[in-house]
Amino acid sequence: MDANLDAILAGLTEPQRAAVTHIEGPLLVLAGAGSGKTRVITRRVAYLAANGIAPWNILAVTFTNKAAGEMRQRTLDLLRHLPLRMANGVTVSTFHSLCARLLREFAVAAGLSPTFNIADTADQLKMLKQAMEGAGVSVDHFPPARMLEVISSAKNRLQSAEQFAQIGGGFFEKNAAKAYLAYDQLMRTANVVDFDDLLFKTAVLLRDNADVRKELQERFGYILIDEYQDTNHAQFVIAHMLALNHQNICATGDPDQSIYAWRGANLSNILEFEQFFPKAKVVLLEQNYRSTKTILKAASALIANNRRRKAKTLWTDNQTGPGIDLITASDERQEAAEIVRRLKALHESEQIGWDKMAVFYRVNALTRVLEDALMKSAVPYQIIRGTEFYSRKEVKDVLAYLRLIANPEDNVSLERIINVPTRGIGSTSVSRMAAFAAEKKISLLDACRQAANIDGLGKKAEACRSFAVLVDSWRQRFVADVSRKPSAEEPIDDAIEPEIDNGEQEFDAAVLEEEAFTDGLIDTSPQRKKQITVAEIMETVISESGLIGSTKQADEEELQRRANVLELINVAAEFDKQNPGGTLQDYLTQVTLVSDIDQMRDESGAVTLMTLHAAKGLEFPVVAIVGWEEGLLPHQRMMEQGLSDNDMEEERRLAFVGITRAMKHLILSGTIYRMFMGRSEARLASRFLNEMPADCFNLIDLAAQEPAAGSAGFRDGALHYPRRPAAKTAKSDETGATKLGGFRRGSLVRHHTFGLGRITELREIGDSQIAMVEFKSVGFKKLVLKFAKLETVDG
DNA sequence: GCAGCCTTGTTTTTT
DNA sequence: ACAAGGCTGC
């Protein structure tokens, strides 16, 4: 045992060691960027197990499935001395996966049927629209997406539809309450929960059901929660309910890296941890092992501008390293080309592999130009945009079939595919059946089964009935086993297994399987072995439903769709391999809860492109971040409705997270003009650039040769703020001007809807006189003087 | 019931 | 610029 303890504690610094060896009682680890946090967590889990704590009493919650998989693997490596089935007993999971598991296990207590499906964002929107129409809430007057935000934040606060309705409020709130109630009703009848419900219902279950709470408190006697700065209220309640008695909770995180306030994350959870757990030990990890001194200096200077934080001083023993490249490009094409050129140069001169490089951006819309540039230069790349595949029509269709099979109440899935491929059952027939179903309080599938009894269906009744026969025959063949629930003794294990991609890990997996089998952990009874796999189910459904191989001409798009369906089958086969005995339901849960980052491959041999949000927790020797402009980073939305300090600080943290991913080379860039929804717009340098010391940067101005009228964007090499926008034009047929139509550049004006603003640019395009105005309320607007009716304001 | 055209919004970020 | 959803005409 001692030898193992030595190995577990080897190479730890004093504070790291303190965090690892703290066993009983609350612990808060404030871990600066790159301070070895993951290392501390995995060592700590191993240390707990090595000190005689049963692995199945340990729960580690991470932010993504990818992080969970990596942590599980690293923990297994550290626990080699234990029989594998024991080491494997540690529950490592995301909040959402954990909640899905718990809600299935305690479905009855949570007021659910265990076969519930999980709605993704698209399903949510669809159901909400349907609910609003049913409840007489105008979809035009109340944008469903906005309503969804309101409902989501209510669930985060643990407010049920009824409670929300009771609170009352103005016109908007009353309609929101109606929408929430109707939406909730629709979800219940379809036996579907959304992402927020997973947390909401688990939190309420733990809060209100003492038996369940007690059982889970005993099961999870030691809890670790990573990325604690990004937990919302519901997650906070779940953590507290579990830790209430034993207080063995270890929260790790960094307030400076909190970037999810917009989806309900509450920074107070981590800032006030010691108030909730007065006996908490607090460990500060301030030494950075990741970045050069230069990168760290810039990052520290930037984040020092935030007021709402716990003061923390990052330092490093690493080298000073090269300066940060700051590129000013004239437009986004030039920006992308220059980034690619520099990545290529590093690849060639320093032999840095492509997969050691990443490009980050604030919004997904910026990927297209980057893709073009990478393709043109034949640089391999992967884009982390995982849900895109699953949001394709053909993929959603296949999944809708599977979801209906797993949960016959799922009316939304049924509606999606009842006429795909066409069976002559149009919206008229569906609404007839829906009315019938509502009246009899049965599911739509039931209505199909009884189609012969429904008035007005006419000869469509037979089509409906045979659809039900088709679904029932699948259910008969595939679902008998699905209804078999795992026994309570089986440890909960997150659905995603570590990737097997090298010999060593393969060996581990083999041992794991052998151990598991001999111990009866995985049921090897003949019935079980014969169980049909998810991939087989999928193939059967695709062929018997007629989804593929229809009469359609196989044009290029059709071929692509078929390829996507085949890819889906491959993914399912991979699932079957990784999860022996995994059910259809397990599969559906997993694909719904995948995050985009989960599908990132580390050894891809490709440059990785992702959003700043997705970059959290990662590191790369070379990082480029594009779009350092006002309106993009910080994002426009922060400035639109009365600039809130909190919002601005979150944008700054986002920039901080991006910068601190870089180990050695960091490239930042921005443009003077950028195409935005088809229009070329003048840009200003991000204020964040001015918050970092100028001596950290190498300034590269690619737009310098253009005739400048005034200091534009990133111009002057200096990092001044505030700056004037580009007051010159790139195109020869446009003429910039300082005076036009009685207005001057720089003068203060008033607009009847936008209010007060300052003219930043004047020009003539054809017959129109155009002014670019920066408004206090809405930011930059391009206005035609003839129509805008601007008034000059004196002073 | 369906295909094709035209309108509309879309650009935050994600489980 | 581009995609998706709605509407119109078969």
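Convention: sequence-line order gives letters A, B, ...; per-chain numbering from 1.
Atom CG of A:L125 and atom C1' of C:dA3 are 15 Å apart (whole Å). Taking atom CD on A:Q124 and atom C1' on B:dT14, their separation rounds to 11 Å, with Å as the unit. The CG-P distance, from A:D372 to C:dC2, rounds to 10 Å in whole Å. Between A:K66 atom NZ and B:dT15 atom P the separation is 13 Å, expressed in whole Å. Straight-line distance from the CG atom of A:L148 to the C1' atom of B:dT12: 16 Å, rounded to whole Å. When rounded to the nearest whole Å, the span between CD of A:E394 and P of C:dA4 equals 11 Å. Rounded to an integer number of Å, the gap from CZ of A:R416 to C1' of C:dG5 is 13 Å. Look at CZ on A:R362: it is 12 Å from C1' on B:dT14, rounded to the nearest Å.
Residue A:N364 places at least one side-chain N or O closer than 4.0 Å to OP1 or OP2 of B:dT13. In this model, the phosphate group of B:dT15 is not approached by any side-chain N or O of A:S97 to a distance below 4.0 Å at OP1 or OP2.
Both A:S429 and A:F676 lie near DNA chain B, and the one whose nearest nucleotide falls closer to the 5' end is A:S429. A residue-by-residue look at A:A365 and A:T64 shows that A:A365 has its nearest nucleotide of DNA chain B further toward the 5' end.
A:E629 and A:S686 share no donor-acceptor pair across their side chains, judged by distance under 3.5 Å alone. For the residue pair A:T231 / A:N269, a side-chain donor-acceptor distance below 3.5 Å is found, with atom types taken as modelled. Between the side chains of A:D410 and A:N117, a donor-acceptor pair is found at a separation under 3.5 Å.
Within the 4.5 Å cutoff, side-chain heavy atoms of A:L267 are placed close to those of A:R653. A:T62 is not listed as a side-chain neighbour of A:S93, based on a closest heavy-atom distance of 4.5 Å or more.
The residue A:T592 sits apart from the nucleic acid: no heavy atom pair falls under 4.0 Å. Residue A:T121 is in base contact, counting any heavy-atom pair closer than 4.0 Å across all strands shown. Residue A:N419 is in sugar-phosphate contact alone, with no base atom involved, counting any heavy-atom pair closer than 4.0 Å across all strands shown. Among the atoms of the strands shown, none is found under 4.0 Å from any heavy atom of A:D196.
The side-chain contact (heavy atoms from CB on, under 4.5 Å) test with A:D256 singles out one residue from A:T660, A:V657, A:L302, A:I303, and that residue is A:I303.
For the contact set between residues 257-268 of chain A and DNA chain B, defined by any heavy atom under 4.0 Å, the members are A:Y260, A:W262, A:R263.
In A:R308, the CZ atom is crowded: over 12 heavy atoms of neighbouring residues, nucleotides or ligands sit closer than 6.0 Å.
Looking at the side chain of A:T422, the nearest of the listed nucleotides B:dG1, B:dT13, B:dC2 is B:dC2. For A:H96, taking side-chain heavy atoms from C-beta onward, the closest of the listed nucleotides B:dT11, B:dG1, B:dT15 is B:dT15. Of the candidates B:dT11, B:dT13, B:dT15, the closest approach to any side-chain atom of A:F195 belongs to B:dT15.
Between C:dA4 and B:dT13, the distance separating the two P atoms is 15 Å to the nearest Å.
Remark: ring of A:H635 overlaps the six-membered base ring of B:dT12 in a stacked fashion, centroids less than 5.5 Å apart, planes less than 30° apart.
For A:F63 and A:Y260, the ring centers are positioned less than 6.0 Å apart.
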